[in-house]
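Structure, as structure tokens:
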Amino acid sequence: MAVAKTALQIRLPPLPSIKDVIKLYKLRALRELSQNFLMEPRLIDKIVRASGNIQNHTVCEVGPGPGGITRSIIRQAPKKLVLIEKDPRFLPSLELLADACRDKVDVDIITGDILKTDLSQFIPSDAKVHWLDPPPPVHLIGNLPFSVSTILIIRWLEMISKHEGPWLFGRTRMTLTFQKEVAERMAARILDKQRCRLSVMCQSWCTVKYNFDIPGTAFLPKPEVDVGVVTLTPLKHPIIKLPFKLAEKVVRQIFSMRQKYSIRGAQTLFPEEVREEVALKMYNIADIDPVTRPFQITNMEFARLCEAYNDIIKQHPEFEHYDYRAPKNKNNLINAEEVNIECNM
């Protein structure tokens, strides 16, 4: 009879509770850094379990704070743990944990801003696998500050598209917390009231799994909103097979007029003098109904719109860097008669 293999667990020596650590080191959540400490051990363990098997893997934790999630990660016996913390006030409590698991887990504590930190330099080279293989033994876990979460995920999606940073090692998975509304947007499908630019960008490069909610009451101080826990796994083949910034520009502009016909937002991709004709050409190439609203467009249809836009700027390079928000410059005005536009394609 086969015996089920149980995951190795590390037993930490007696340590002060997170609540006691906060008192001991006189730690206070700073509103300007969007800090909220997760205090509920059961929910902390649930976040770590949602990331999958991390035994003997490398884990990068973003914003560990006083170390609540860090403890749960250590107990699951990773091979290496990299902690990236911007606030130096938390270093003593994190060093306490590093000492407690010495000789069991290799812990690196990095003081720095995650937006400026190259995580790839802290991941062992032997963790690298082929992009088409199953995800590597590398995980990103974090209770993200609300103020940087959307900026960070967009930056990471671009790195995924280029196979850079932690994605130099393969399709590294992320299990992260977001403001509930942001988490819902990331997972929102076609026709969902939350569907937006973030939905399309996340789903075009990753599978998005909305794991569960965490009530605001589980945090100290209590945020005004609840939190959603999301796991993102990069796709073997992205839905939009074009440069990330090009795709992001097209999707952003189409969603800039969310409740109007989607072609209205697409028109802002082009100079005023030719926008109606060129946007219609773009929709004809993509075979999309111009009166479709942005939240009614599927991810594959957005991919076709991006391809159509790419075809147009290849024919008319002068459109590529057009920014409808920039001041009008007489030297940059496009004469519609000088541009050969055929809409019936």
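As a basis for the values below, the full set of heavy atoms in this structure was taken, side chains included, without hydrogen atoms, waters or symmetry mates.
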Original post:
Shortest non-hydrogen contact from P234 to C206?
Top reply: CA-SG, 3.9 Å

Original post:
Does a donor on one side chain sit under 3.5 Å from an acceptor on the other, for Q194 and S199?
Top reply: no

Original post:
Between P290 and Y261, which heavy-atom pair has the shortest distance, and what is it?
Top reply: O-CB, 3.6 Å

**OP:** Using distance alone, with no hydrogens and no angle criterion, decide if Q296 and R195 have a side-chain donor and acceptor under 3.5 Å apart.
**Re:** no

Subject >> Stepwise side chain to side chain contact (heavy atoms under 4.5 Å, CB included) test for V21 and R71 >> reply: CA-CA 12 Å; V21 164; R71 294 183 186 208; 3.5 Å; yes

Original post:
What orientation do F319 and F270 show, parallel under 30°, tilted 30 to 60°, or perpendicular over 60°?
Top reply: perpendicular

**OP:** Applying side-chain hydrogen bond (donor to acceptor under 3.5 Å, both in side chains), run through D289 and T292 and close with a yes or a no.
**Re:** CA-CA 6 Å; D289 188 342; T292 307; 4.6 Å; no

**OP:** State whether the side chain of N36 and the backbone N or O of N143 hold a donor-acceptor pair below 3.5 Å, judged by distance alone.
**Re:** no

Original post:
Would you say the side chains of Y283 and S262 form a donor-acceptor pair under 3.5 Å?
Top reply: yes

Subject >> Side-chain donor/acceptor of W131 to backbone N/O of K236, under 3.5 Å >> reply: yes

Subject >> Steps toward side chain to side chain contact (heavy atoms under 4.5 Å, CB included) verdict (M300, I239) >> reply: CA-CA 7 Å; M300 290 300 298; I239 292 174; 3.6 Å; yes

Subject >> Evaluation steps, ring pair (Phe, Tyr, Trp, His ring centres under 6.0 Å), between F37 and F90 >> reply: CA-CA 12 Å; F37 305 147; F90 297 121; 5.7 Å; yes

Original post:
Is it true that the side chains of Y322 and R275 contain a donor and an acceptor less than 3.5 Å apart?
Top reply: yes

**OP:** Go through Q76 and R49 one step at a time and tell me if the side-chain hydrogen bond (donor to acceptor under 3.5 Å, both in side chains) criterion holds.
**Re:** CA-CA 9 Å; Q76 297 305 313; R49 287 198 303 271; over 6 Å; no

**OP:** Say whether V251 and I312 are linked into one hydrophobic cluster, either directly or through other cluster members, by side-chain heavy-atom distances under 4.5 angstrom.
**Re:** yes

